[in-house]
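One structure is given below, encoded as structure tokens.
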Amino acid sequence: MSEILLMLLLIMLSAVFYMLIGFLPGTDETATMAPIAMILLISGMDPVLVFAWFIGAIVAFKTSDSIPVALMGIPGGVMAVPQVPDAIIAKKNGLADVILRKGIVSSVIGTYVAIAVAFSLSYFLMPFTDWLGAENLIAGVGVPRWFWILFAGLIIIATSSKNKVLAFLIIPSFALLVEGLRGIYGKPVSISFFLGITIGPMMLELFSSFMKDYRKSIEREGKLEVRLHPIGKISLNPFKHVTKEETIYTTIFGTLSTFLATVISPVGLTILFGDLLKTTKKNEVEASVLAYTVRDGIKNAAYIGGIVIPLVVIGAATGPMSAGPAGPFFLDLGKGMSASSYLSSYSIWYLAIIALIAATISLLIVYPVLLRYSRKIALFLFKHVSAEALYALFIAIVLLLAYDDAGIAGIFGVLLVSIISGALVKAGVSLGLLFMILVAAPIVTQILLTL
Amino acid sequence: MAYIELYSEYVSLKDLAICVPVCAACAFLLYFFSPVPTMRITFGLVGAFIGFGVSALITKPKREVKE
């Protein structure tokens, strides 16, 4: 009983917290979700509860991160970036409240489509779990078969990186860095490196600002001007907000994204499918509203699919989502097994019900609040929560976990990994690729050493 | 004093130099002096959030909201 109450409380807390986080710019999904998931798992909380917390959090986060896009043209998270150009077109035509409500309802559709598809698909793929876990000898190294799904993901994401050459070349090099540090620490540390990659781009930017010349280039006078679009009263009836066409497209592309997010980046899917939909409309405004709406649903679907299938069927992180925000579920957190292997001992339908409960509670909180009070919340947060306080919170969590992992050396290890990751991202390598190399590192280096 | 643009936000390095030690100090304080030794990480997290609350109170956002 107390376990159920704790779960409900956790979901409600995560829904409120991540709904608010979704409003704030600069809140990267991995940076804001992974450290807390990691702490909950390390502290010995039942992984089922952490899974419920996680689903509640992503549903709230991915539903609210497009609100600042609709209201101000500023993305509330990395996933909301592709929606900005369409939101600007819609806003120019006085449709800010239209895209706001359509986006929220589409997120609800995307969430339920993803839960239904991800768990049903996982059920049919379950017989392959043992087959995927079996090892084949490659150059004298035992390679589990799931590694090839991860490998396919590595290739896809390296190919879609802005700097393809560096992305491919860095796979063995970054794997060597990770394994080298693990050798020095004398234990298979994962958390430090994971967090180092997460905060990499921000750390590089921050430390670069200590250089006078560089600082001048990013110096800004005055305050950041934020324009809040006025919004009228919005009905809570979801059927009033989306058209049949939008519902059908969200269902179709939500289904595809749920499955494809196993190996492909959710941001990539959001861009790809949104752009594809825009070609179906001649009118620019209609095209933007449709793309904006469906993208909101794809975000939720890709995030849920990206974690559920690797967690339930594969048992290993195989894509940027499972290796990124959901990464802590796949790491060995010091007890000889990951949360994912623990969760696989539960029936798939039990986990499906947990996900359904978590998503529904989260939406019951987030849906009415966002439809009615988006503007007031945005106003409060923008006036009272500084970016410095938020960045400091995540830096402090990273320092804490790095120390817990490998003492003072762990903190310097995080610094090294973060600066290298930041530099690689700046040079055009996808951050998701680095998370995936972290997962593949032991096998990649073993094969390298035998060559 | 001018701010720097970090992740689409305007940030004062001076304020950040106050907030990071505040959050880290609160986190490590509760981590090392956790009332329940097996829950050091959880208490560290609580500490980090206390630090966040304090930081939010002592710093002002660098945004100007126009309605």
Side-chain angles (χ1 to χ4, degrees), chain A residues 17 24-28 31 35-36 38-45 72 74-75 81 201-202 205-206 209-210 214-230 375 378-379 381-401 403-404, chain B:
Chain A
F17 181 68
L24 296 164
T27 44
D28 169 76
I36 299 183
M38 195 93 85
I39 281 193
L40 295 177
L41 288 169
I42 299 174
S43 66
M45 187 176 275
M72 294 158 280
I74 302 170
V81 175
M202 188 205 275
E205 198 74 358
L206 185 63
S209 74
F210 298 155
Y214 184 76
R215 187 165 64 240
K216 289 238 171 302
S217 72
I218 53 169
E219 254 176 16
R220 305 286 181 264
E221 286 298 331
K223 291 185 175 178
L224 177 71
E225 208 171 279
V226 180
R227 280 185 188 278
L228 260 184
H229 199 280
R375 203 169 181 280
L379 205 60
L381 290 174
F382 276 69
K383 281 187 175 170
H384 295 101
V385 178
S386 69
E388 291 89 341
L390 202 70
Y391 293 169
L393 169 69
F394 294 110
I395 293 174
I397 292 176
V398 172
L399 290 175
L400 184 75
L401 291 177
Y403 180 83
D404 190 67
Chain B
M1 188 193 145
Y3 305 121
I4 62 159
E5 189 175 340
L6 196 65
Y7 265 49
S8 358
E9 286 268 23
Y10 287 9
V11 168
S12 149
L13 283 176
K14 205 178 104 197
D15 281 356
L16 197 62
I18 297 168
C19 293
V20 173
V22 165
C23 284
C26 293
F28 278 100
L29 211 65
L30 285 193
Y31 174 83
F32 286 120
F33 299 103
S34 163
V36 188
T38 51
M39 290 177 72
R40 290 204 305 190
I41 289 281
T42 316
F43 277 92
L45 178 68
V46 172
F49 271 94
I50 294 173
F52 167 69
V54 174
S55 302
L57 285 176
I58 58 175
T59 53
K60 281 206 162 73
K62 283 81 196 164
R63 311 179 190 103
E64 194 173 340
V65 186
K66 298 211 164 169
E67 295 185 54

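What's counted below: heavy atoms across the whole structure, side chains too, no hydrogens, waters or symmetry copies. Labels below follow one simple rule: chain letters A, B, ... track the order of the sequence lines, proteins then strands, and each chain is numbered from 1.
Within the 4.5 Å cutoff, side-chain heavy atoms of A:S209 are placed close to those of B:L13. Within the 4.5 Å cutoff, the side chain of B:F28 has heavy atoms near those of the A:L399 side chain. Put simply, the side chain of B:R40 reaches to within 4.5 Å of the side chain of A:D404, judged on heavy atoms.
Of the residues listed (B:K62, B:R63, B:K14), the one engaging A:E388 in a salt bridge (Lys or Arg N to Asp or Glu O under 4.0 Å) is B:K62, and it is the only one.
When heavy atoms are compared at a cutoff of 4.5 Å, A:F17 approaches chain B solely by way of its side chain, counted from C-beta outward. Contact annotation for A:I218: both backbone and side-chain heavy atoms come within less than 4.5 Å of a heavy atom of chain B. For chain B, no part of A:P35 is nearby; none of its heavy atoms comes within less than 4.5 Å. For a residue to count as touching a neighbouring chain, one of its non-hydrogen atoms must lie under 4.5 Å from one of that chain's; by this rule B:F49 touches chain A with backbone and side chain alike. Contact annotation for A:L206: both backbone and side-chain heavy atoms come within less than 4.5 Å of a heavy atom of chain B.
B:C23 and A:A389 make their closest contact through SG-O, 4.4 Å (heavy atoms, listed as atom of the first residue, atom of the second, distance). Of all heavy-atom pairs between B:L6 and A:Y391, the closest is O-OH, 3.0 Å. Residues A:I397 and B:L45 share a closest heavy-atom pair of CD1-CD1, 3.7 Å. Contact between A:F382 and B:P61 at its shortest, heavy atoms only, is O-CB, 3.5 Å. Minimum interatomic distance between B:T59 and A:S386 (heavy atoms only, all atoms of both residues): OG1-OG, 2.7 Å.
A:L400 CG to B:C26 SG: the interatomic distance, rounded to the nearest 0.5 Å, is 12.0 Å. The NZ atom of A:K383 lies 13.0 Å from the NZ atom of B:K60; values are rounded to the nearest 0.5 Å.
Per-residue counts of heavy-atom pairs under 4.5 Å with chain A were compared for B:L16, B:L57, B:I58; the largest is that of B:L16. Most heavy-atom pairs under 4.5 Å with chain A, from the set B:S55, B:C19, B:G44: that is B:C19.
With a 6.0 Å radius and a threshold of 12 heavy atoms from other residues, nucleotides or ligands, A:F210 has its CZ atom above the threshold.
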